[in-house]
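A short write-up of the structure that comes next.
Naming: A, B, ... by sequence-line order, numbering from 1 per chain.
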2 protein chains.
Amino acid sequence: MTDDERTEPEFLAGYSPGDYPAVAVTVDVVVLTVRDAALHVLLVRRGEHPYRDRWALPGGFLRPDESLDEAAARELADETGLTAGTAGTAAKADPPGSAGTAPGGARVHLEQLASYGDPERDPRMRVVTTAYLAFAPDLPEARAGSDAAGAAWVPVSALGLPAPDDDAAGARPVRQARSATRRLAFDHARILLDGVERCRAKLEYTPLATSFVTEPFTLAELRGVYEAVWDEPLHPPNFRRKVLSVPGFVESVGGTTERGGPRGGPRAALYRAGDARLLHPPMLRTATEERIR
Amino acid sequence: MTDDERTEPEFLAGYSPGDYPAVAVTVDVVVLTVRDAALHVLLVRRGEHPYRDRWALPGGFLRPDESLDEAAARELADETGLTAGTAGTAAKADPPGSAGTAPGGARVHLEQLASYGDPERDPRMRVVTTAYLAFAPDLPEARAGSDAAGAAWVPVSALGLPAPDDDAAGARPVRQARSATRRLAFDHARILLDGVERCRAKLEYTPLATSFVTEPFTLAELRGVYEAVWDEPLHPPNFRRKVLSVPGFVESVGGTTERGGPRGGPRAALYRAGDARLLHPPMLRTATEERIR
DNA sequence: CGAATAGTGTCTGTCAGACATTATTCC
DNA sequence: GGAATAATGTCTGACAGACACTATTCG
């Protein structure tokens, strides 16, 4: 209210962009997958000056003639070889058909996460980054290393991030001393945390868990995704009943697995993703007091 | 996979930002409020060259030493005189205490919406904008016009946007011929649509409906917010039972209104927002086939 | 008084969580 | 055969939607 004399058109057209120092725009991608019953993120080892040898999210500068979505898809392809179906900036999940298909038949979901523009976030210059979030099925170990020299899947739990629901209380002993545990470059820990939180939430009300598995999949595999991302065990019979009761979540593909489980059990029926974009009713996590307040 | 020779560090540090044309970063704010039982958005009339005389979202260039959140709060304050509590980029709703308070006791919720970077979105130059979403209580009519010359609250329904849940099917007769109906500048219609969709969704699982009313409020007022935003009538008794059963959504403040309703009826009890950040269980809309698929 | 609204009570169908049970397959 | 797992069935408590009803206040 102190500078009432400034009127609104100035903010839309009166300011010449040349009056301000250049702002660089980058795109970073949080690629999540589930391996060995744990949530993993794709990281690259930085070889250059700021934060050298630290792990970072894959990303790069926005090019002159590409949109943010295109830049994110390009970064994802460069690092993983996967083609992406982008959901754009809309709040909705993308329709099943828009998901890209890679050589291995992998479907990749890619959506915008958020933008980060703290003046201090890059020591070199002013950089605003738009982060994207991708859900990939478990890829062959080789995949990550083929295109990107220093890339690796790192368990999210090994990064010493604040626990799922206490990011306010940052005081938490970081026990692991592995190299992956070193703090991420820039503000990438914050970005990753936002991505993981978004992922957890989206499993509740969208069918995106199916983006973490390859089709056809069993209900046990799908349940494994929920258990890994939410980090809590689920009741197999109830999970089954719930999933099948949500219209359009999954649809039976007819057959069964070739063999039963590794330690016995009958062959599981196979499913593929249905045509629902939203789950009704949603797969609700049990209310945790810390998460609610 | 065609340019396998490019390795990952190039994308993080190998590209000199000077190699690319400058990108301007702006911030736009979708300020929503409920007036006369209808959802309204704050728009400004453009006085300058591209899209002159069109309505646009309030916004402006990011300044050298401010974060995106700060820029959005500044724009919001310039246009409405309201101080904002920013939820930042996190997925969570902000705690009740962080909401700003304006002279009139108004609480304003401000959160990041999404970023838009299509190369063609501004005819003048390359502009990437980060959109924010604000929920304001109903403000005195004078408020909008005081600081911003050409600002006005415009009913969202008067803008000829695609209907809530058929943005794919764009063919829809636009009947209103009022000046407000002219298409918004730039891609602001798309941004507004995303904001409205986000708003609708957030009423389901967060207590943000309380950001649209001034404390203390009655349950009828709160119900009016849901009805205006969702554009569907709700059963008063069931709404009441549901709201009161969600822990931390609202808490009784003790008294009642001075008078009954304008057309009769007893005095309503008064409430204020509780300390919940998420609603458990959520206030679910009835499943609409179009929204789900 | 008549109309409108706040608030309470109740019924019913659906669903979540927990548990028991059967069938199938691996070792 | 023993163990593990897929799939089905059942019970119970909680909740959503619908409706009836009472109480209060305005005009």
Side-chain angles (χ1 to χ4, degrees), chain A residues 37 203-205 213 216-227 230 232-271 276 278-288 292, chain B residues 37 203-205 213 216-227 230 232-271 279-288 292:
Chain A
L203 287 204
E204 287 194 306
Y205 55 94
V213 293
F217 52 84
T218 67
L219 293 185
E221 288 169 353
L222 194 63
R223 178 165 47 83
V225 170
Y226 277 91
E227 291 177 330
W230 286 350
E232 63 183 32
L234 299 176
H235 243 87
N238 291 340
F239 180 83
R240 171 192 183 76
R241 182 161 43 82
K242 186 86 169 83
V243 168
L244 295 180
S245 77
V246 177
F249 191 0
V250 300
E251 50 191 45
S252 174
V253 83
T256 68
T257 52
E258 292 284 319
R259 300 171 40 84
R263 293 189 297 278
R267 302 175 180 182
L270 294 173
Y271 299 85
L278 292 172
L279 301 183
H280 253 85
M283 310 276 298
L284 293 177
R285 284 177 281 183
T286 50
T288 319
I292 295 178
Chain B
L203 288 204
E204 289 195 306
Y205 53 94
V213 294
F217 51 86
T218 67
L219 293 186
E221 289 169 352
L222 193 64
R223 178 165 47 82
V225 171
Y226 276 91
E227 291 177 329
W230 287 350
E232 64 182 33
L234 298 177
H235 244 86
N238 290 341
F239 179 84
R240 173 192 181 77
R241 183 161 39 82
K242 186 83 169 82
V243 167
L244 295 180
S245 77
V246 176
F249 190 0
V250 301
E251 49 192 44
S252 173
V253 82
T256 68
T257 52
E258 292 286 319
R259 301 172 39 84
R263 292 189 297 278
R267 303 175 178 182
L270 294 172
Y271 297 85
L279 301 183
H280 264 265
M283 310 277 296
L284 294 179
R285 280 177 283 183
T286 51
T288 318
I292 296 178

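Distance, A/Glu221 CD to D/dA6 C1': 13 Å, rounded to whole Å. Atoms CG (B/Leu234) and C1' (D/dG17) sit 12 Å apart, rounded to a whole Å. The separation between A/Tyr226 atom OH and C/dG17 atom P is 13 Å, rounded to whole Å. At whole-Å resolution of the value, CG in B/Leu222 and P in C/dA6 are 13 Å apart. As rounded to whole Å, 14 Å separates atom P of D/dC15 from atom CG of B/Leu279. At whole-Å resolution of the value, OH in A/Tyr271 and P in D/dA6 are 11 Å apart. A straight line from NE2 of A/His235 to P of D/dG9 spans 17 Å, rounded to a whole angstrom.
Of the residues in residues 236-250 of chain B, B/Pro237, B/Arg240 come within less than 4.0 Å of DNA chain C through at least one heavy atom, sorted by number.
Using a 4.5 Å heavy-atom threshold, the side chains of A/Thr256 and A/Pro266 count as separate. With contacts defined as side-chain heavy-atom distances shorter than 4.5 Å, the pair A/Leu222/A/Phe249 qualifies. Counting only heavy atoms from C-beta outward, the side chains of A/Val243 and A/Met283 approach each other to under 4.5 Å. The shortest distance between side-chain heavy atoms of A/Glu221 and A/Tyr271 does not fall below 4.5 Å.
Listed by chain and residue number, nothing satisfies the side-chain hydrogen bond (donor to acceptor under 3.5 Å, both in side chains) test with B/Arg267 (two or more places apart in sequence, or in another chain). Partners of A/Arg240 by salt bridge (Lys or Arg N to Asp or Glu O under 4.0 Å), not counting sequence neighbours: none found. Partners of B/Phe239 by ring-ring contact (aromatic ring centres under 6.0 Å, His included), not counting sequence neighbours, listed by chain and number: B/Tyr226.
Listed by first then second residue, pairs satisfying side chain to side chain donor-acceptor pair (under 3.5 Å) with a partner in residues 241-253 of chain B read B/Asn238-B/Arg241, B/Glu251-B/Arg272, not counting sequence neighbours.
Residue B/Leu203 holds its CG atom at 12.5 Å from CG of B/Leu284, rounded to the nearest 0.5 Å.
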Under 3.5 Å, which protein N or O atoms sit close to an N or O of nucleotides 22-24 of chain C? Give each pair with its distance.
{"unit_1": "C/dT24", "atom_1": "O2", "unit_2": "A/Pro266", "atom_2": "N", "d": "3.2"}

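Residue B/Thr286 is in sugar-phosphate contact alone, with no base atom involved, counting any heavy-atom pair closer than 4.0 Å across all strands shown.
Each of B/Glu258 and B/Pro281 was matched to the nucleotide of DNA chain D holding its nearest heavy atom; the match closer to the 5' end belongs to B/Pro281.
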